[in-house]
Colleague: 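Can you keep this structure in mind? I'll have questions shortly.
The chain is numbered in sequence order, starting from 1.
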Amino acid sequence: MAERRARPGPSDTSGRTTGGTTGPVEVVAALLGRASWRRAVLVRRCLAAVLVAVAAVLALSPGGGSTTEVVVAARDLAPGSVVAAADLTRTTWPAELVPAGAVGVAAAEGRVLAGALRAGEPLTDLRLAGAALAAAATGMPDAAAVPVRLADPDVAALLTPGVRVDVVAAAPEGGEPTVLADSAVVLTVLEPGGTPGGTGGRGRSALVALPRELATRVAAASLSDQVAVTLR
């Protein structure tokens, strides 16, 4: 009697037969499908990692944004120094990091430095004695910076930037002193010749900020060496 051959059962939706064993074609197709899916996932992950790395490099790279030239201190500078061209150097900074009020060499040369400056620190208008610093110190847009020659050298040791003083003219022959300006703001203290303040104190001047209408009066009176300041 002839042996009957089993007919393969109907296939289900996954490609496997329900009534017999899986054929080699179906096995190979299933393996290839799984391998292709895994490769696609791996490629997507690698691409995502590459994109993240590229974005980080572009964000941190100096060439990733616009740059500009900025003037910085070539060495440490003390307050009260007269700025010379040799004290400054030019460098390139990212544009978004350049501070407001940055000045060039021409605008800074010959000006008095009101505060200390570290090597590599940008030079701004508020580090230089002048109208911008006087306005910032007093809160008055029309303020001016005026040097006051101190009659009492011991007072110089008590003066620091930001201290408020009254500028007083001594009266001749024991008369009553005249208050030339009240509540002036000390910007810095200078030695003769514009050098930074030291320990001597004799002949030193205080650079003060005060309303512009009083600036001429104080400047003229200080030439007589009879001007004093009193701390408030």
Colleague: Strictly by modelled atom types, are R164 and S183 linked by a side-chain donor-acceptor pair under 3.5 Å?
Modeller: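 There is such a pair between these side chains.
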Colleague: Out of curiosity, L158 CG to T230 OG1, how far, rounded to the nearest 0.5 Å?
Modeller: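 Rounded to the nearest 0.5 Å, the CG-OG1 separation comes to 11.5 Å.
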Colleague: Flag yes if V72 and L126 sit in one hydrophobic cluster, no otherwise; membership is Ile, Leu, Val, Met, Phe, Trp, Tyr, and two members link when side-chain heavy atoms are under 4.5 Å apart.
Modeller: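 Different hydrophobic clusters.
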Colleague: Donor-acceptor check, side chain of D76 to backbone of A119, threshold 3.5 angstrom: yes or no?
Modeller: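 Flag set: sc D76 to bb A119 pair under 3.5 Å.
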Colleague: Measure the spacing between CG of L159 and CG of L231 and express it to the nearest 0.5 Å.
Modeller: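 If I round to the nearest 0.5 Å, the distance is 6.0 Å.
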Colleague: Do V186 and V165 have side-chain heavy atoms sitting under 4.5 Å apart?
Modeller: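 In short, these two side chains touch, coming nearer than 4.5 Å.
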Colleague: Distance-only check: which donor-acceptor pairs under 3.5 Å involve side-chain atoms of residues 82-103, not counting sequence neighbours?
Modeller:
from	atom 1	to	atom 2	distance (Å)
D87	OD1	R75	NE	3.2
D87	OD1	R75	NH2	2.7
D87	OD2	A84	N	2.9

Colleague: Minimum heavy-atom separation for A132 and D125, please, with both atom names.
Modeller: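 Where A132 meets D125 most closely, the heavy atoms are CB-OD2, 3.8 Å.
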Colleague: Name each donor-acceptor pair under 3.5 Å that joins a side chain in residues 206-219 to protein atoms two or more places apart or in another chain, with its distance.
Modeller:
from	atom 1	to	atom 2	distance (Å)
R212	NE	D142	O	3.2
R212	NH2	A143	O	3.3

Colleague: Under a 4.5 Å side-chain heavy-atom rule over Ile, Leu, Val, Met, Phe, Trp and Tyr, are V189 and L113 clustered together?
Modeller: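 In one cluster: no.
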Colleague: Taking the side chain as every heavy atom from C-beta outward, state whether V112 and L128 have any atom pair closer than 4.5 Å.
Modeller: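 No. Closest side-chain heavy atoms not under 4.5 Å.
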Colleague: Are V185 and V167 connected into the same hydrophobic cluster when the rule is that any two of I, L, V, M, F, W, Y join if their side-chain heavy atoms are below 4.5 Å apart?
Modeller: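 No, no single cluster joins them.
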Colleague: Look at the side chain of S81 and the backbone N and O of L77, then say whether any donor-acceptor pair between them is shorter than 3.5 Å.
Modeller: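 No, the answer is negative, given that no donor and acceptor are paired below the 3.5 Å cut-off.
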